[in-house]
Structures are given as C-alpha cells and as structure tokens.
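Only one structure is covered here, and it is reproduced in the block below.
Excluded from the calculations below are hydrogen atoms, water molecules and symmetry mates; all remaining heavy atoms, backbone and side chain alike, are included. Residue numbers begin at 1 in each chain, while the letters A, B, ... track the order of the sequences.
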Amino acid sequence: MASVERRILVTAALPYANGPIHIGHLVEYIQTDIWVRFQKLRGRRCVFICADDTHGTAIMIRARQEGRSEEALIAEMSAAHQRDFAGFDIAFDNYGSTNSDANRRLCGQFWTALRQAGLVVEREVSQLYDPQAGTFLADRFVKGTCPKCGATNQYGDSCDKCGATYSPSDLIEPTSVLSGARPEIRAAKHLFVELEQLHEFLETWTQSGEHLQAEVANYLKGHFLNEPLRDWDVSRPAPYFGFEIPDSPGHYWYVWFDAPIGYMASTAEWCARHGEAFDDWWKSDDAEIHHFIGKDITYFHTLFWPGMLRAAGYNLPAKVHIHGFLTVGGEKMSKSKGTFIKAETYLRRLDPAYLRYYYASKLGPRLDDLDLNIEEFVNKVNADLVNKVVNLASRSAKLIQDTGLSEVYPDDGGLFANAAAAGHEIAAAFDACDYSRATRLIMELADKANAFFDMQAPWKLKADPAQSQRLRDVCSIALNLYRQLAVYLAPIVPRLAQQTAVLLNAPIAHWNDAQTPLAGTPLAPFQHLMKRLERKDVDAMIEDSKEGAPAATPNAPPTAAPAAVAATATTSSTTATTTATTTGATPPAAPAVDSDAALLAEPLASQITIDEFAKVDLRVARVLAAEDVPEAKKLLKLTVSLGGEHKRTVFAGIKAAYRPEQLVGRLVLIVANLAPRQMKFGLSEGMIVAVGPGEKEVFLLGVDSGAKPGQRAH
RNA sequence: GGGCCUGUAGCUCAACGGUCAGAGCAGGGGACUCAUAAUCCCUUGGUUGGGGGUUCGAAUCCCUCCAGGCCUACCA
C-alpha cells in the first residue's frame, strides 16, 4: 500500500473536436473513469484530467467549409463532448482545451527545452499544395487514380482496391478534395525533432517492464527501436489552425505536438482553481501519471511523448494503459447498420449504467478488442445487474421495510466475512484494470447471497409472527451482502451506490464500507433501483443510429441546423415522440390550406415605418450551451454566439417545448439589441425569436442553409 | 511485404508446465413463488484451430500450417 501522500494523475486521451463522442470512445472514458473512481474510493488522492484536442488541418478545413471560425467550431464541440461525458457519469476533475493560453505557454516551454537540448533540426519537405485553397495537403486530402491498378477515386497514400502504396504525387489525375483543383508540388521548411538522440533512454524506459503492457513493449522493440528512430516532423506551414512557433513565424506546431501537452495545460487549470502547485503533479517523485489511451495512438504516447517529457525535465508516465477497439456484433461500427452509435443517441434511450457495466465486464488489462454483442449486452446486464444484484435488494428490503435492519448483525455462517475478504482480490483486479475479473468475482458473491436467501426462505418466515426476529435477521444479512456488492460495484455504477446509500441510510464513501456490516439502521421506502434493459429499446437506438436516420447532433453543419430539432422529431417512426419533437419539423408535402385561427387569436399590430422596423436588430446566433433552470417553470438558460468571442446569455421561456440538448449547436434568431434584463436567475442579454401560443406550442425560427452567426435580418 | 496479438463448450470468457480443462449465459429436468417473468437445485455439452516436437507430464513452452483482428509500409 502506497503512502497517503502519493498523488495519482490520470488522463484519458483527448477527443478530437471534429466529431461527436460515440460508444467507441466510451470504452476508454468508462475504463478510465472506473479506475479513477476506484482509486478515489480507496482514499487515494487522484485527479482525472482531460480536454478537447482542437488543432490541425481537419478542424481548419471543416470550419472553413462551414463558414465560421475554428474557435466557434471547437467551442461547440467542447460543449457537446462535455455534455455527453456527463451523461455517462464520467467525472473529470478538469476538462480543458488544447487551444488555451496555458497550453500555448507550456508548448513554448517544451520547445525551448527541445531547442536547448539540440534536438530540433530544419529541413525542406516537398508536398502537394492546393493553389486554390491556399494550403498544403495531407495525403488523405488528395484523390486520384491508382498508378498500379487504375482504380479511380483513391486516396493519396494507398489504394483500397489493390492495396498498393505510393506517394500522392504518383497518383494519376490527382485532385484536391478541398477545391477540386490539381495540386502542385511545393517545398516548405519543416522542423523536426531528432528522436534518435533519445534512443537509449527510450529503449530503457519502454523495455523496463514497469510502464507498458508486455505486448506493447514488444511491438515498440520490434517495430521502432530495432533501427534508428526517424526524425519527427513537428511543424506545419501556414495556414494551419494551431499555435504559431515563436521562433519560426509562419510555422505552426503540428497537432500531435501540442495535444499531449494539453494534459498538462488542463492540469494547470485544475491547479489554479484548487490552489495546487503544478510541479507537485508533474515534477515530483510523489506523483504518478497514468495515461489511458487506445492502441491506435500508441506511438505518440510511448515514444515521442516520453521523449518530450524527458527533454523538458518533467515526470514520465508511471504507466500507459492501452486498450483495444470496439466492435459491434464482431464488426467495425457501421453507420449504415446503425452500429455507429453516438453517446447522445444512446442516452436518449438507455441508462448509462448498462454500458458502463457491460464494458467493465468485458475489459481486461490487455489490448484485445472489445465486442459489443447486442444480445449478450441485454442478457448480461439483466442477468447480472438486475436479476442478481438489484433484485436481491428488492426482495429483501420489501420484507423488512418497517422494522429496518436487526440491532445486532446476526450470525450468517461467515458469508459477510467471506465477501469482505474477497474485497482484497476484487480491489487488486480493479487496480490492475482487470475489470472483467472484478465483475466475475463480484457476481460470485451475488450468487452466494441469492443462494443464502433462497435457503432461508424468509417469505415463509413472514407468515409466522413468532419468526419475526428470524425474518429480520435473514433480510438484514441479505441487505448487508447486497450493500457489499454495491460498494464493490460503485466505481462501475456509481448511481447504484448512491441509491443504495439512500435505501440503507448509510453513505457509501469508501471501499472499506464493505468491511463492516450495518446494524440497527432504518430503511428508506424502497424505490426501484434499476430498470430491466429491454431489447426493443436497444433496437430503437440502433434504428436511430442508421445513416439517413436524422439525429440531433451539434455536429451537423449549419446548413442542417434548422433540422436539428426536426431530427429528434423523427428519431423513431414507430415510437411516440416527445412533445417538442413535433415542432415545425416536416414541411407539408400537400398544398397547404391554413386556417386563420392564429391570425384571429392575435390580430395584426398597428402599422410601422421601415425606420421603426430597423430599430429592431435581429441576428442569427448559434446555441453554444443550453441548460435547464431547475427553479424556473418555463426558462431555459442559453449561451449563444454571434460569432467569434461575442457570446450572450439569454433566458428563453421554452422549457416545455425543448430539451436543452436539442438546442445545442443549432442556429436561432435573437433580438440582439434588446436592453438586458435582470431576471431572478441572472441577466438576460437578448431574446430568442419564436412563434406559437406558448407552453408546449413554441417553435423557434430557423434559417435556411448558408446563414452564419452574427448576420442581421433585414 | 514487415510486425504485434488472438484462436478453449452454441455465445462471452477463466485456468502460476502438474489432481477427471472450469464459470456465466443459452439448452434440458426439477423446486419455489418473497422479488423487476426474477431466484434456487440438478443436468447436457469441449480430440483446448490443424499437424509436429520438447517434457515423467502441454490449453500453457518450441516449430509449422490455417483462420481472425490490429498496427505499419519514408510528414510514425
């Protein structure tokens, strides 16, 4: 057992700001969150750090295509990511962004250190250039005809058809994916890090057996360390969305240079908020850094990143935990099959506890891919969590609802002590990231508890008043055994632990809460702890995810923004939709015959001049964030952007018609020059324009494709 | 082409070179009826991908073949 002073810093990989969180991402965030919750439950000082990864060509291109700033794009994605993570109970201590001042500053520090260590060299690189878009092109932004087999429409690096590999300049009839222009070859200066100078150090560090899984160490040894390490190209010529390199104007750090430094920048933000010293976490022998990543980004985290940290004099990772990929039904996630399931789509249908438990039950300490098999998912969650665990609480609590637990914990034949002892083995499994083993061990305990309950048949005792104490004893034992399960499962399904604490009137705050039985405590009125997972709900979720099926995603380009609300409306053609979903979604196909009821209900106002109309400044705005105001009956609190850094907080009386998550990302029309109004819940700096009589009948105005935040309505 | 990894019951997975290879789910039979159609007991089911080898002894170590996954093939 480590000393109490030991600090554990945990990171999960930074999700890229170019797409929404999906169930593939969640393998990692759930894995990491479980580990962090476990460490905290054990009483360790543990901080969970993450951030959005925001730089690079892809972001730049997309922002350009969508006609908005990169900052607007990444702000929206960050809000969406954080909302999704929160929905899955992933509890970061800090969630930052690589596009932050702290990160720019730290990148500069690293750069200076690399320069001083003599690791940076300069070289010309010839690359394809799109003269029309004015940017250099990565291989995958060039398409053309394969020089080997003649297949058309192939990417610049390799051919899907014949598997040939080549350089983009070998392509026949190359075209830029961005503009369709024919790329030309241009030379530009690039800056490289000579990783080879750190070869010996990296050999030692990777092969020590302490920091990496064995197969990862083998992979590195066989693939990289057996020959001189290649120089790493860490710069990109303008235009590039990122940080400009201070001593090389016109050149930017490559996204993979600043991304891992983002771990530190996000830590710095957390430290600032909590009065902690940054160096205690990144330059201290008492601190352990644990990175959780997917196997696709092994290289960056096991060679380059340790090299950078070493050069800059920071702590090296104590361990890099690497996991495999997610498959669904044994195959890659597929948009057409509906298995590319976004976090948001999942949360509209299912309890996050199901996925957290299922992933935990399948995750081991190694890099194996993890398969989400739908049938197994339903079976396992129901059999384990509902039938064995939750049902144990349900059947026993209801029998002694009035009396509460026995005053003295009765003789249980050693069951409780046995399960308490098993806590050590279970903890070791969690610590080693062997969650499948942990869940297996926990379920063994659940089986024993259920067998005990059946053997004692307390429902028969209930019929005989003379047996009331015996009844109370048996159920007290069962509930204590159940509580142990809830403690052990707390890192995986934290909400269940909370509900259990309420039921038994005793908090679950520490792993050791499973070591001592409760006695004499009253029971809160029993409430359903977890719903069964229904196959039809899973199927509906998959339907929602099929390509072509609309989905309310903040990811949608502005052209689709007005459809964002409509999307939810039609998520399922077979199920009843919520009220808001009927909102202005479908354009009438048939010639419309409209009643004049609305006009009669609200007659036209008196005539005005065009000058009077011009006083009202209507602007397009994008909803960056939306949250419920719990104390308010009608209000949602929206943060909208007029572009750039121009943000407004607006309270809108649309709670009955829209859920906050439906709004994030879409464009709305606001009265931008309305005098700010102090409301009970804060200052409202504008007004969202909507039609309808009110209550559930509220319809926000959308705009046709091409409109941009900040544009005025004339 | 190179590399890493995997292959155990219908499914998902266990099993420090050592008692008849185990468990959950699914299947079959029975019990119970407190509980979220849940639970409990019994039970069917495996030439451990194929073939060689090392060993007193191999799912486990070595070789080879087959199948699958992933990474990589000079901006890694």
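For the P atoms, the distance linking U39(B) with G45(B) amounts to 24 Å, nearest Å. A59(B) sits 14 Å from C13(B) when the C1' atoms are compared, rounded to a whole Å. Taking the C1' atom of each, G46(B) and C20(B) are spaced 13 Å apart, rounded to whole Å. Separation of the P atoms belonging to C25(B) and U64(B) is 41 Å when rounded to the nearest angstrom. Here, G17(B) and U48(B) have their C1' atoms 15 Å apart, quoted to the whole Å. Rounded to whole Å, the C1' atom of A9(B) lies 13 Å from the corresponding atom of A14(B). G69(B) and C63(B) are spaced 24 Å apart, taking the P atom of each and rounding to whole Å. Taking the C1' atoms as reference points, C34(B) lies 38 Å from A21(B), given to the whole Å.
Spacing between atom CE of Met455(A) and atom P of C40(B) amounts to 11 Å, rounded to whole angstrom units. Across the protein-nucleic acid pair, His190(A) atom NE2 and C74(B) atom C1' stand 14 Å apart, rounded to whole Å. Whole-Å rounding puts the Ile297(A) CD1 to C71(B) P distance at 13 Å. Here U36(B) presents its P atom at 14 Å from CG of Asn450(A), a figure rounded to the nearest Å. What separates CG of Asp434(A) from P of A15(B) is a distance of 8 Å, to the nearest Å. Here the C1' atom of nucleotide C75(B) and the CZ atom of Phe192(A) are 6 Å apart, to the nearest Å. Across the protein-nucleic acid pair, Asn387(A) atom CG and C40(B) atom P stand 9 Å apart, rounded to whole Å. The CG-P distance, from Leu225(A) to C4(B), rounds to 13 Å in whole Å.
Remark: Arg62(A) does not engage Glu70(A) in a salt bridge, criterion side-chain N to carboxylate O under 4.0 Å. With respect to the salt-bridge test (charged N to carboxylate O, under 4.0 angstrom), the residues Arg356(A) and Asp351(A) do not qualify. Under a 4.0 Å N-O distance rule, the pair Arg115(A)/Asp247(A) qualifies as a salt bridge.
Scored by the ring-ring contact (aromatic ring centres under 6.0 Å, His included) test, Tyr252(A) finds no partners at all (sequence neighbours excluded). Every side-chain contact (heavy atoms from CB on, under 4.5 Å) that Val386(A) has, sequence neighbours left out, goes to Asn382(A), Met530(A), Arg532(A).
Of all nucleotides listed (G24(B), A38(B), C13(B)), G24(B) comes nearest to the side chain of Lys388(A). Taking every side-chain heavy atom of Arg440(A) into account, A14(B) is the closest of A14(B), C74(B), U12(B). For Phe325(A), whose side chain is taken as the heavy atoms from C-beta onward, the closest listed nucleotide among C5(B), C70(B), G24(B) is C70(B). The side chain of His528(A) lies closest to U36(B), out of C34(B), U36(B), C70(B). Picking from G24(B), C74(B), A35(B) the nucleotide with the shortest atom distance to the side chain of Arg230(A) gives C74(B). Considering only the side chain of Gln127(A), C75(B) comes nearest among C75(B), C70(B), C5(B). The listed nucleotides are C4(B), G24(B), G69(B); the one nearest the side chain of Asp369(A) is G69(B). For Asp454(A), taking side-chain heavy atoms from C-beta onward, the closest of the listed nucleotides C5(B), C40(B), C34(B) is C40(B).
Backbone-only engagement by Asn218(A) is indicated by non-hydrogen atom pairs under 4.0 Å involving sugar-phosphate atoms exclusively. Backbone-only contact: Trp232(A) has heavy atoms under 4.0 Å from sugar-phosphate atoms and none from a base. At a threshold of 4.0 angstrom between heavy atoms, the contacts of Arg236(A) include nucleobase atoms, whether or not backbone atoms are also involved. Residue contacts shown for Val390(A) include a base, since a base heavy atom lies under 4.0 Å away. Residue-level contact check: Val125(A) touches neither bases nor backbone, having no heavy atom under 4.0 Å from any strand. At a threshold of 4.0 angstrom between heavy atoms, the contacts of Met530(A) include nucleobase atoms, whether or not backbone atoms are also involved. Counting non-hydrogen atoms under 4.0 angstrom, Leu195(A) reaches nothing in the nucleic acid. In this structure, Glu375(A) reaches neither bases nor backbone, as no heavy-atom distance under 4.0 Å exists between it and the strands shown.
More than 12 heavy atoms of other shown residues, nucleotides or ligands fall within 6.0 angstrom of atom CD in Glu227(A). Taking a 6.0 Å sphere around CD of Glu375(A), one finds it holds 12 or fewer heavy atoms contributed by other residues, nucleotides or ligands.
Residue Asn382(A) is the one, among Phe224(A) and Asn382(A), whose nearest nucleotide of RNA chain B lies closer to the 5' end (criterion: closest heavy atom).
Here the closest heavy-atom approach between residue Val234(A) and residue Trp111(A) is recorded as CG2-CZ3, 3.8 Å.
Taking only side-chain nitrogens and oxygens, Arg366(A) comes nearer than 4.0 Å to OP1 or OP2 of U6(B). Considering only side-chain N and O atoms, Lys398(A) lies under 4.0 angstrom from the phosphate OP1 or OP2 of U36(B). In this model, the phosphate group of A38(B) is approached by a side-chain N or O of Arg532(A) to a distance below 4.0 Å at OP1 or OP2.
Ring geometry for Trp35(A) against His321(A) counts as tilted: the plane angle lies between 30° and 60°, on a 0 to 90° scale.
For C34(B), the base is stacked against the aromatic ring of Trp459(A), per a cut-off of 5.5 Å between centres and 30° between planes.
Under a cutoff of 6.0 Å and an axis angle of 45°, Lys295(A) and Phe325(A) form a cation-pi pair.
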Worksheet item: Which string of ( ) [ ] | and . matches RNA chain B, if you list each base 5' to 3' and count Watson-Crick or G-U pairs only when both distances are under 3.5 Å?
Response: (((((((..((((....[...)))).(((((.......))))).....(((((..]....))))))))))))....
